[in-house]
Amino acid sequence: MSRLSREACAALDATDPLAALREEFALPPGIVYLDGNSLGALPRATPARLAELIEREWGHDLVTGWNRHGWIDLPRRVGDKIARLIGAGPGEVVVADSTSVNLFKLLAAALRLSSGRSVILSERENFPTDLYIAEGLIGLVGGQHRLRLVDGDAVADAVDAECAVVMLTHVNYRSGAMHDLAGITAAAQAKGALVLWDLAHSAGAVPVDLTAAGADFAVGCGYKYLNGGPGAPAFLWVAPRHQEGFRQPLSGWLGHAEPFAFAPDYRPAPGIGRYVCGTPPVLSLAALEAGVDLLLAAEPAGLREKSLRLTETFIAAVEQQAPGLELSLLTPRLSERRGSQVSFRHAAAWPVMQALIARGVIGDFRAPDILRFGFAPLYTRFVDAWDAAAALADILKTGAWDQPDFHRRAAVT
Ligand SMILES: *Cc1c(COP(=O)(O)O)cnc(C)c1O
């Protein structure tokens with residue numbers, strides 16, 4: 001890339017076809033927000049939508065809101081919208097519970113569908129909750145199964161006749177490395193395994209086509225790139241060919257075929273509806289819908305193009321402004337291997353990130369030594385990439401990070 005400048009970045013913003021969508025977010029002035037992969041920004045429409053839901057729908061219409069305002073349909077309605085972001089069809093996705101709980105439900109489904117096989121295969125560097133949930137489930141189903149962990153690059157070759165399910169996160173939360181979703185799905189299925197994808201760092205950030213890949217199951221997160229707000233519910237997808245064949249273990253009343261028959265025995269709802277457990281979080285679902293609507297307003301190819309260009313620009317800006325300052329790039333340079341974030345290792349990553357945050361550049365820290373910067377293409381500007389790199393270079397050059405305040409640890413990183 002030719003020599004970058006702030007002016008060149010501003011010129012990229014001036015011709016960015018997605019630039020207007022930034023105006024749909026309530027970003028605080030003076031902040032460079034590069035943590036949309038941990039908590040997405042607030043859509044401007046969300047506060048008014050929630051106020052209306054609370055004051056009019058709930059406050060005035062009370063329990064009649066379930067029917068009158070279609071609250072009961074929200075898990076499917078928002079699910080259908082998310083489906084369009086991940087290459088799934090209508091009626092194939094529901095929004096429910098957290099990503100962790102959805103992993104539990106779908107892993108249990110996968111194990112039952114592949115009886116005789118005993119291994120859940122995953123990546124050592126997978127997000128820990130995914131591995132913890134697998135461990136917990138294995139304990140619960142009698143201890144006959146094993147969790148086998150290999151390096152990310154070795155997953156496809158590690159699938160064998162013992163392997164019941166391959167459980168992988170498409171884009172790694174630490175490095176931002178992206179797996180070949182279609183390639184690994186095909187390789188695993190050729191050996192008779194099922195494949196469960198965690199799209200927490202993919203949905204809303206990189207193109208995903210579950211149908212074209214012929215995948216089996218997927219889960220994903222509502223509060224990251226989907227901008228659903230803190231603790232937003234998660235989504236899950238089950239390939240239509242598997243939907244009817246399985247009762248998920250959290251057989252709650254709202255996954256029943258007729259919840260309001262109040263029958264004593266469980267009969268699963270047809271299709272994806274059986275993957276719901278209890279009462280949907282209506283306020284959170286309405287907030288999530290506002291976030292997803294903004295993503296649907298963008299053209300998917302344009303989103304990916306901008307995301308790649310942002311991450312490329314940031315890498316180049318850091319390398320140009322902070323050479324020899326003990327940063328090492330963890331994220332793949334090859335665009336087809338990169339999600340929508342950039343991570344650098346630095347020995348003092350924690351205090352360096354606190355110093356950045358004190359200057360209004362918000363990224364995050366991941367143990368043990370990672371500076372992580374997410375680039376949500378809906379609202380991040382090219383000048384943000386430049387300004388963040390400039391602040392990082394300055395903090396490293398001047399040693400401004402090395403102050404007692406910046407060394408103090410917090411509960412959430
Ligand atoms: C963020 C994330 C989760 C979050 O799970 P919760 O149940 O919402 O806490 C799970 N898996 C991956 C890969 C994630 O990145």
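Not measured: the values here are computed from a predicted model. Computation of the quantities below employed the complete heavy-atom set of this structure, encompassing side-chain atoms and omitting hydrogens, waters and symmetry-equivalent molecules. Both counts, for ligands and for their atoms, begin at 1 and track the order of listing.
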List the steps, then state whether side chain to side chain donor-acceptor pair (under 3.5 Å) holds for Glu305 with Ser307.
CA-CA 6 Å; Glu305 196 187 311; Ser307 151; over 6 Å; no
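- Using cut-offs of 30° and 60° on the angle between ring planes, the pair Phe314 and Phe375 is tilted.
- A side-chain contact (heavy atoms from CB on, under 4.5 Å) with Val150 is found for exactly one of Leu121, Asp157, Val159, namely Leu121.
- The pair Arg146-Glu162 meets the salt-bridge criterion, since a charged nitrogen lies less than 4.0 angstrom from a carboxylate oxygen.
- Residues lining ligand 1 at a heavy-atom distance below 4.0 Å are given as Ser98, Thr99, Ser100, Phe127, Thr129, Asp130, Thr169, Asp198, Ala200, His201, Tyr223, Lys224, ordered by chain and residue number.
- For the pair Lys224 and Phe127, the cation-pi test (distance below 6.0 Å, angle within 45°) is passed.
- Judged as a ring pair (Phe, Tyr, Trp, His ring centres under 6.0 Å), and not counting sequence neighbours, the contacts of Trp350 are Phe365.
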